[in-house]
Chemist: 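Please see the structure below; I have some questions.
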Amino acid sequence: MADILTSKDKDYAQWYNDLVIKADLAENSAVRGSMVIKPYGFAIWEKMRDDLDRRFKETGHLNAYFPLFIPKSFLSKEAAHVEGFAKECAVVTHYRLKNDPNGKGVIVDPDAKLEEELIVRPTSETIIWDTYRKWIQSYRDLPLLINQWANVVRWEMRTRLFLRTSEFLWQEGHTAHATKEEAIAEAEQMLEVYADFLESILAVPVLKGVKSESERFAGAVETYCVEALMQDGKALQAGTSHFLGQNFAKAFDVKFATKEGTNEYVWATSWGVSTRLMGALIMSHSDNNGLVLPPKVAPYQVVIIPIYRKDEEFDRVDAAAKEIMADLRKAGISVHYDNRDTYKPGWKFNQYELKGVPVRLAIGPRDLENKQVEMARRDTLQKSPVPMEGLAEHISSTLEDIQNSLLERAKKRTSDATYEVNTWEEFTDAIANRGGFVKAHWDGTPETEKIIKDKTKATIRCIELDAPEEQGTCILTGKPSNRRVVFAKAY
RNA sequence: CGGGGUGUGGCGCAGUUGGUAGCGCACCUGGUUUGGGACCAGGGGGCCGCUGGUUCGAGUCCAGUCACCCCGACCA
């Protein structure tokens, strides 16, 4: 096997980068920090998007679209929000170019300066709440349950393909409710949607929790999150769901008439997942041979590769392959048949392993004689002969098995790397040398959290929703604590 | 914005004291091949990031400039 990828053990970050590029998922573009998502990568994102979209609709949400540009003044209406995003906003100042009088090319026309500058949305709360003010008059207009699929821009200092890019794709749900309880229930419901999606579709197990004050979304009262553990022991925030209280309603003056005839500010939530999920997917399952995809998000679940020497052999193999393809498709399995004569079978084997296709079928003259095909599983790399008779059923159950195995494997990896520590020495050793989710007592103050972060690079990933009450003492200050929180180094 | 690095065919790189710009992969043609990244033969493709300077002569030396990458601060 030629070494196409940097080995995971040698350099995990480089392995990830190689994989994204070599598997044709994405590449860097001419603009620093922004990426081109290539067709194969986008096909995976589309699978995620379609499944999530169905879940949003099933929970009563409708899609809409709000504009890319936001008046600069909107951002400043909610104090914490502007504080959180101001440093990473792209700003549109002009609306016209002209030919450079001094030479070639074009320059920004200084006469075309905007009266009010526009920011490119880093998130859409402000423009949406400015709109909701007009939409909401009465309790009968509530709840308002809207989602949008969009791109956003956050001018990041350092970027990595899928994990952090200046522009990324995501969905953002924005809801308005008559009561606090209902809004909290909505935020919690969407967290469950994310958690279930990650586990059942991406085969990525997650911790569910709330963020500490310092990790909270700018403008939120409470931020719920799902956190996943990557193969290198670092955590990745996979999705967030915010209870926004009445912060945005007050900032944008969104009130409704209650049944009793009083006027009240509405209660809000917002929630989102992004193309960062691609990173979570890659870093949960893939290996030194390339991508490993759970069948539920694989652009092709099965690839068929014909093996032959002469034209006469090809004709026979080709006929059998097409028949199999039709059978599999009838059974609802997505199939790619690679009958190109310009690449050898061995090259194709490696290529489709790199791209993470869950099941590979090879069919040659020998198989025709024995009425079988050779099946290879991407997750285990095992090959086995399978009879043509009942092939579709066998493949279906194999795909199911792969989906389940990947989740089980990731669960085991995560639980093996999740553990408790009780002293500062244990903690620093664990963070520096072992990684993973480290559960420890914390005194609950942002000051302590900051010191821990500065000393160890570890942050509080979440306070788990189902964390049991347990008396203990803070690993740093020794002050009392009544539950453990989850620390990790994070992406 | 700090610290480090790199700019040379599509990609990855070499290029010595300054003297006609090269290698691997990829690509094209022909043939043999095809059950784990085939082989042989032939072929195409580069203002050496940009600007200026030194020189008979610059990829190479000097000055400036731009871009990108890595490490930090910031972050879904």
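Note on naming: letters A, B, ... go to the chains in the order of the sequence lines (proteins, then strands), and numbering restarts at 1 for each one. Only heavy atoms go into these numbers, but all of them, side chains included; no hydrogens, no water, no symmetry mates.
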Chemist: Quick one: list whatever passes ring pair (Phe, Tyr, Trp, His ring centres under 6.0 Å) with A:Y343, sequence neighbours left out.
Modeler: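 Testing A:Y343 for ring pair (Phe, Tyr, Trp, His ring centres under 6.0 Å), a comparison that skips the adjacent residues, returns A:W347.
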
Chemist: Only counting residues at least two apart or in another chain, list the ones meeting side chain to side chain contact (heavy atoms under 4.5 Å, CB included) with A:V221.
Modeler: A:F243, A:N247

Chemist: Quick one, which residues of residues 225-240 of chain A touch RNA chain B with a heavy atom under 4.0 Å?
Modeler: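 A:Q237, in order of number.
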
Chemist: Please list each protein N or O that sits under 3.5 Å from an N or O in nucleotides 68-70 of chain B, with the distance.
Modeler:
unit_1	atom_1	unit_2	atom_2	d
B:rC69	OP2	A:R32	NH1	2.9

Chemist: Mind listing the residues from residues 354-374 of chain A sitting with a heavy atom below 4.0 Å of RNA chain B? Number order is fine.
Modeler: A:R360, A:A362, A:G364, A:P365, A:R366, A:D367, A:E374

Chemist: Do A:K383 and B:rG36 share a donor-acceptor pair, side chain to base, under 3.5 Å?
Modeler: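 Such a pair is found, so the answer is yes.
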
Chemist: Residues two or more places apart in sequence or in another chain: which of them pass ring pair (Phe, Tyr, Trp, His ring centres under 6.0 Å) with A:H81?
Modeler: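 Only A:F85, A:F217, A:F248 meet the ring pair (Phe, Tyr, Trp, His ring centres under 6.0 Å) criterion with A:H81.
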
Chemist: Under the ring pair (Phe, Tyr, Trp, His ring centres under 6.0 Å) test, which residues partner A:F487, sequence neighbours left out?
Modeler: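 Residues passing ring pair (Phe, Tyr, Trp, His ring centres under 6.0 Å) with A:F487: A:F427.
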
Chemist: Among all residues two or more places apart in sequence or in another chain, which pass the side chain to side chain contact (heavy atoms under 4.5 Å, CB included) test with A:A64?
Modeler: A:F66, A:I146

Chemist: Check residues 16-26 of chain A and write down every donor-acceptor pair under 3.5 Å in which the side-chain atom is one partner and the other belongs to a residue at least two apart or another chain.
Modeler:
unit_1	atom_1	unit_2	atom_2	d
A:Y16	OH	A:L161	O	2.8
A:D18	OD1	A:Q14	NE2	3.0
A:D18	OD2	A:T6	N	3.0
A:D18	OD2	A:T6	OG1	2.6
A:K22	NZ	A:I4	O	3.0
A:D24	OD1	A:K38	NZ	2.8

Chemist: How does RNA chain B look in dot-bracket form if you count Watson-Crick and G-U pairs under 3.5 Å, write [ ] for pairs that cross, and put | where a base pairs with another strand?
Modeler: (((((((..((((.....[..)))).((((((.....)))))).....(((((..]....))))))))))))....

Chemist: Would you please name every residue forming a ring pair (Phe, Tyr, Trp, His ring centres under 6.0 Å) with A:Y491, sequence neighbours left out?
Modeler: none

Chemist: My understanding is that only residues two or more places apart in sequence, or in another chain, count here; which of them pass side chain to side chain contact (heavy atoms under 4.5 Å, CB included) with A:Y352?
Modeler: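 Testing A:Y352 for side chain to side chain contact (heavy atoms under 4.5 Å, CB included), a comparison that skips the adjacent residues, returns A:V303, A:I305, A:H336, A:D338, A:R340, A:K348, A:V357.
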
